[in-house]
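What follows is a single structure, written as structure tokens, with notes after it.
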Amino acid sequence: MPTTTQSAPQTVRGPRRLLPLAGGLALAPLVFLAGAYPLLPAALCAVLPRARRLGAAWLAGGALCLAFSAAGLNPVMIAAREAALNRIEAITGARPQYAACEAVTANGELAFTEFKGELTGGAGEFAVRSLTIKLGFALLFTPEIAADGLSITLKPQAPGFAELRQRAADGDSAAFEASLTDVTLRVEGETLSAVTHAAKIAISQNGALEAIAAPDWCEITVNRQTHRLALLGPIRVGTSEAGFALKCDTHFSHSQYGRGVLSGTLGRDFAQPGLRATIDSLEIAPLWARYAQWSEFVGEAQGVIDIAGDFDKLTLRSRISLSGLSYFHSTAMEMDRRRCFTAPEGEVSGDIEILGGSQFNFVALKGRSPDCSIATDPAMNARGKISIEANGIWPDISAQCEIVAKGKVEGPLEFTRTGKPLNKYQPNGIQLIELLPSLKASVKVKLEDFDVRCDVLTGKLKGEIDVTLTKKPGEPFASVRVSGELPFTGSFDLCAAKGDAQGAIVFNPHVPPVEASVRGSLKGKAGETPLDVEVTGRLRDPGLIFKRVTMRPEDLGRVITTAGLDKLGATERAAWALRLSITFGVFAANRQNPFEAQDLGEIFFSFRAGD
């Protein structure tokens, strides 16, 4: 019986032959993830008899995927690029832009050029010449970021700055490492701005964010004046449980201003030792010259400034010692350097708060000097102990001041319209206050030993007064109000009239000081004629009331101007006449009678006879 052989159905062997092809094609997309490296095992499989179909399909599919990847159509790197852009957008609040992007699949590297973007709500901007993000082989390792030519601008006063800080705090906490070169950071404020540069910055995040930089210079701009400082030493910036953290151990110096050290950790308050700027030496003159055109301020400062707070409110708590101080203002001191204010030593302490980088708030900022010029004009000169405390947001400043002074007021006492006005006898510090934008100050003045040398009248003023100084914005002059009284004891001497003088200057706080009243008495003799005079009226136009008069006014006036004149020589007679004419005018001097003075305003001479 013949034997028949049946072949196996082709439907069974066909799928098995397709499996190696399908497997090779399935392995081909590994090229998208690891680059050309998967083509090596594909080529090895292609030469093995049993895996030839798998290897050929794998090699062909891998070559096709490699071509797509070279054309920039690698879906894995596209997804990685979009993930990186989304992460940056989540922090900045705006989609970044770039000129070009290259992806290197072999080591998972994204390379951007001219990478830049805006920060949310106008809070600033950033730009990078070249940015490289290396994700590692098969995107399995901690990302490594390298940036060259990074420039960041922050605007703390912008409405979106608070949102930017919140976005950064809530950002992805995935670990990464970054190396930045040629970095420039700008912080712009309306009044205060800063720019710093570092050749290299290393950043790492593994739970907490930390950046280590060694900046080489910093520029600080205050009121449009820029000061460049050289820096030496590391600065660490990062996050901690308390939020933003800044740690410094940096020396700063300026070729003209001086040098110091910034060390410690910035905190939100002064509860713990924090960031401190130690000023080894600061020359005031070149720093002052950057802001002032008409004045000069010379001296040296040393001390410490403790710093606490954040971008919204940064507090500077100072303890500064000053020495060799000298202040000269060309117009307020009438181009005479002998009128400059000097103080051998002084100190400044208290807080200055920088609000949003645009406003300066003085909080119990105190200045003291045990020996300081208070008035330096020839007509009024005084020195003494001064203590002042300022509060308020510049330029709306209020101050409380205490002065204990010794000095003198010196000049001819004249009862003529052409005589020296009383404002020549006010401290020239008033003119300096008028240079300020605004001020409201309460001043307590204690005169311990104040000499009056006004030819006709000599003696001492001694007492306490309260002074209120008000300089309103937009007004050229300061308002001065004084309350209290200054007792006076001394003597008078006019030609033949000599004797003792007593009285007081009484100030009314509701009127200018020149409207102060005078109360007192003059008791003495004119030759052998007794004088008993009551002084009354206003300071600028006092009245003299002669009591117990036994002769006619014109006779008394002649006695005052001529008694003893015959005993003097020609030169002394001329000086006698000149003094009388300066005090009461030429007409009265020629008539040899001070009571015949003319055009003296409200000056009056009254007589009371027989009482």
Side-chain angles (χ1 to χ4, degrees), residues 334 336 338 377-381 408-422 424-425 451-461 488-503 518 520-535 537 539-607 609:
E334 301 182 4
D336 185 355
R338 294 173 298 178
D377 274 346
M380 177 176 286
N381 196 288
K408 65 179 180 178
V409 56
E410 186 172 17
L413 183 62
E414 304 171 7
F415 298 96
T416 65
R417 287 190 180 275
T418 58
K420 182 177 291 187
L422 283 178
K424 288 292 185 179
Y425 294 94
D451 293 334
V452 177
R453 305 172 186 174
C454 295
D455 292 344
V456 176
L457 198 65
T458 59
K460 291 184 181 296
L461 287 170
F488 172 81
T489 58
S491 61
F492 66 95
D493 182 356
L494 175 63
C495 297
K498 297 177 175 61
D500 296 329
Q502 290 186 342
V518 289
S521 63
L522 305 174
K523 292 185 179 181
K525 291 183 178 181
E528 298 300 326
T529 303
L531 297 176
D532 187 358
V533 184
E534 178 184 352
V535 182
L539 180 63
R540 66 176 178 177
D541 42 29
L544 303 177
I545 301 174
F546 290 80
K547 301 190 297 183
R548 289 189 288 275
V549 177
T550 58
M551 62 181 70
R552 293 181 304 174
E554 57 269 24
D555 294 333
L556 177 59
R558 192 166 293 108
V559 169
I560 292 174
T561 56
T562 61
L565 189 60
D566 56 337
K567 299 179 182 180
L568 302 178
T571 303
E572 293 173 323
R573 284 171 178 263
W576 185 298
L578 177 61
R579 184 180 182 190
L580 186 64
S581 65
I582 290 175
T583 305
F584 294 102
V586 176
F587 181 82
N590 291 336
R591 298 293 296 269
Q592 294 185 335
N593 186 357
F595 304 133
E596 295 192 23
Q598 296 180 356
D599 297 328
L600 300 187
E602 298 180 14
I603 299 290
F604 64 90
F605 301 97
S606 179
F607 295 87

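Every heavy atom of this structure was used, including side-chain atoms; hydrogens, water molecules and symmetry mates were not. Predicted model, so just to flag it, every value in this text is computed and none were measured.
- Applying the side-chain hydrogen bond (donor to acceptor under 3.5 Å, both in side chains) rule to Asn590 yields no partners; only residues at least two apart in sequence or on another chain are considered.
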**OP:** Start with the C-alpha distance between Asp566 and Arg573, add both sets of side-chain angles, then the distance that settles side-chain contact (heavy atoms from CB on, under 4.5 Å), and finish with yes or no.
**Re:** CA-CA 9 Å; Asp566 56 337; Arg573 284 171 178 263; 4.0 Å; yes

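- Remark: Phe595 engages Phe546, Phe605, Phe607 in a ring pair (Phe, Tyr, Trp, His ring centres under 6.0 Å) (not counting sequence neighbours).
- When the side-chain hydrogen bond (donor to acceptor under 3.5 Å, both in side chains) test is applied to Glu410, the partners found at least two apart in sequence or on another chain are Lys408.
- Contact check for Thr583 versus Pro412: no side-chain heavy atoms found under the 4.5 Å cut-off.
- A heavy-atom distance below 4.5 Å is found between the side chains of Val452 and Leu461.
- Note: Arg558 CZ to Gln592 CD = 7.5 Å, rounded to the nearest 0.5 Å.
- Under the side-chain hydrogen bond (donor to acceptor under 3.5 Å, both in side chains) criterion, Thr458 pairs with Ser491, not counting sequence neighbours.
- The neighbour count for Arg552 CZ, taken as heavy atoms of other residues, nucleotides or ligands under 6.0 Å away, does not exceed 12.
- For the side chain to side chain contact (heavy atoms under 4.5 Å, CB included) with Phe492, the lone residue among Leu522, Asp455, Leu413 that qualifies is Leu522.
- Between Gly569 and Glu572, the closest heavy-atom pair is N-OE1, 3.1 Å.
- Minimum interatomic distance between Ile560 and Trp576 (heavy atoms only, all atoms of both residues): O-CZ2, 4.1 Å.
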**OP:** List the steps, then state whether side-chain contact (heavy atoms from CB on, under 4.5 Å) holds for Asn593 with Thr561.
**Re:** CA-CA 7 Å; Asn593 186 357; Thr561 56; 5.7 Å; no

**OP:** Check step by step if side-chain contact (heavy atoms from CB on, under 4.5 Å) holds for Ser521 and Val535.
**Re:** CA-CA 5 Å; Ser521 63; Val535 182; 5.9 Å; no

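- Counting all heavy atoms, side chain and backbone alike, Ala577 lies closest to Ala589 at O-CB, 4.1 Å.
- Checked against side-chain hydrogen bond (donor to acceptor under 3.5 Å, both in side chains), Lys460 has the following partners two or more places apart in sequence or in another chain: Asp449, Asp451.
- Remark: Arg591 CZ is loosely packed, at most 12 non-hydrogen atoms of other residues, nucleotides or ligands lying under 6.0 Å away.
- Pro594 and Gly557 get closest at one heavy-atom pair: CD-O, 3.6 Å.
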**OP:** Go through the steps to decide whether Leu457 and Phe488 satisfy the test side-chain contact (heavy atoms from CB on, under 4.5 Å), and finish with yes or no.
**Re:** CA-CA 10 Å; Leu457 198 65; Phe488 172 81; 3.9 Å; yes

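- Side-chain contact between Asp555 and Val559 is absent, with no heavy-atom pair separated by less than 4.5 Å.
- In this structure, Arg453 contributes its side chain and Gly459 its backbone to no donor-acceptor pair below 3.5 Å.
- The backbone N or O of Arg338 lies less than 3.5 Å from a partner atom in the side chain of Asp336, making a donor-acceptor pair.
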Subject >> From CA spacing to verdict: salt bridge (Lys or Arg N to Asp or Glu O under 4.0 Å), Asp500, Lys523 >> reply: CA-CA 5 Å; Asp500 296 329; Lys523 292 185 179 181; over 6 Å; no

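- The side-chain contact (heavy atoms from CB on, under 4.5 Å) check on Ala588 picks up Phe584, Ala597, with sequence neighbours excluded.
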